[in-house]
Amino acid sequence: MKTYNNKNISKKEIAKGLRTMDPTQIFRMYHRIYGHIDRKGVHKFIKNFATSERVRRAAYGIAYSTKNAERRNAIEFECIKRHGFFHGNDRKNVIDMLKRECADVVSSYAKRPMYGVSHLYFCSPLYGHQDYNKRRMIKIDGNERFCELVINYANKFFSPVYDK
């Protein structure tokens, strides 16, 4: 048995998976070998291991087809969730962003949380809501208390900001 990228998988097993031309199975096999999913890599993988001209010609369609996009996104989501890169919900994303921004307050790229009309934003302390690179994070409706806690926590690190 030959190893590919330090994974024990036989060339026969790869060829059998490619012959089915099932995108789900091919993407899972690619993820099993390389640990991530990227369309260009899948396209090269199919071309390199294809046992017939029919599979080789179908490589582009399998890797880049919009018909298979939903299936591919489901696989990526499943892989990300399984391997720990999945951030559970919006509140977790806000907390992670807050930790990153409060760690480096003096940077010219630092962003602080601010209320918007309907969302909580991370904006430049200097430009406020006029920041062209502000980031919308979470809806305020239903998360009022959480948003208030986030802003109060950030005020400990950032100086007061007055909207323009």
Can Ile14 and Tyr30 be said to form a side-chain contact (heavy atoms from CB on, under 4.5 Å), step by step? CA-CA 9 Å; Ile14 293 172; Tyr30 182 84; over 6 Å; no
Is a donor on one side and an acceptor on the other found under 3.5 Å between the side chain of Asp38 and the backbone of Gly41? yes
Membership question, hydrophobic clusters at under 4.5 Å side-chain separation (ILVMFWY): are Val105 and Ile95 in the same one? yes
Within the structure provided, determine whether Tyr153 and Pro113 are in side-chain contact (heavy-atom separation under 4.5 Å). no
Spacing of Ser118 atom OG and Ile138 atom CD1 [to the nearest 0.5 Å]: 12.0 Å
Contact between Met97 and Met137 at the side-chain level, heavy atoms closer than 4.5 Å - yes or no? yes
Under the side chain to side chain donor-acceptor pair (under 3.5 Å) test, residues paired with Lys134 that sit two or more places apart: none
Has Asp131 got a side-chain atom pairing as donor or acceptor with Ser124's backbone, closer than 3.5 angstrom? yes
Any side-chain heavy-atom pair from Met114 and Leu120 closer than 4.5 angstrom? no
To the nearest 0.5 Å, atom OH of Tyr121 lies from atom NE2 of His129 at 7.5 Å
Report yes or no: does Glu101 contribute a side-chain atom to a donor-acceptor pair with the main-chain N or O of Arg112 at less than 3.5 Å? no
From CE (Met29) to CG (Asp22), nearest 0.5 Å: 9.5 Å
Under the side chain to side chain donor-acceptor pair (under 3.5 Å) test, which residues partner Arg32, sequence neighbours left out? Glu13
CG (Leu149) and CG (Asn143) are apart, to the nearest 0.5 Å, by 11.0 Å
Please step through side-chain contact (heavy atoms from CB on, under 4.5 Å) for the pair Lys111 and Cys123, ending with a clear verdict. CA-CA 5 Å; Lys111 298 195 178 303; Cys123 309; 5.9 Å; no
Can you give each donor-acceptor pair under 3.5 Å made by side-chain atoms of residues 42-53, sequence neighbours left out, with the distance rounded to 0.1 Å?
from, atom 1, to, atom 2, distance (Å)
Asn48, ND2, Lys44, O, 3.3
Ser52, OG, Val55, N, 3.4
Glu53, OE1, Arg56, NH1, 3.4

Would you check if Ile140 and Val117 make a side-chain contact, meaning some heavy-atom pair closer than 4.5 Å? no
If you draw a 6.0 Å radius around CZ in Phe157, do more than 12 non-hydrogen atoms from other residues or ligands fall strictly inside? yes
Filter on salt bridge (Lys or Arg N to Asp or Glu O under 4.0 Å), then keep only pairs touching residues 137-148, sequence neighbours left out; what's left? Arg145-Glu148
Do the side chains of Asp104 and Tyr109 get nearer than 4.5 Å, heavy atoms only? no
Measure the spacing between CG of Asn133 and CZ of Arg135 and express it to the nearest 0.5 Å. 9.5 Å
Could you go step by step and tell me if Leu18 and Gln25 meet the side-chain contact (heavy atoms from CB on, under 4.5 Å) rule? CA-CA 8 Å; Leu18 291 178; Gln25 190 172 356; over 6 Å; no
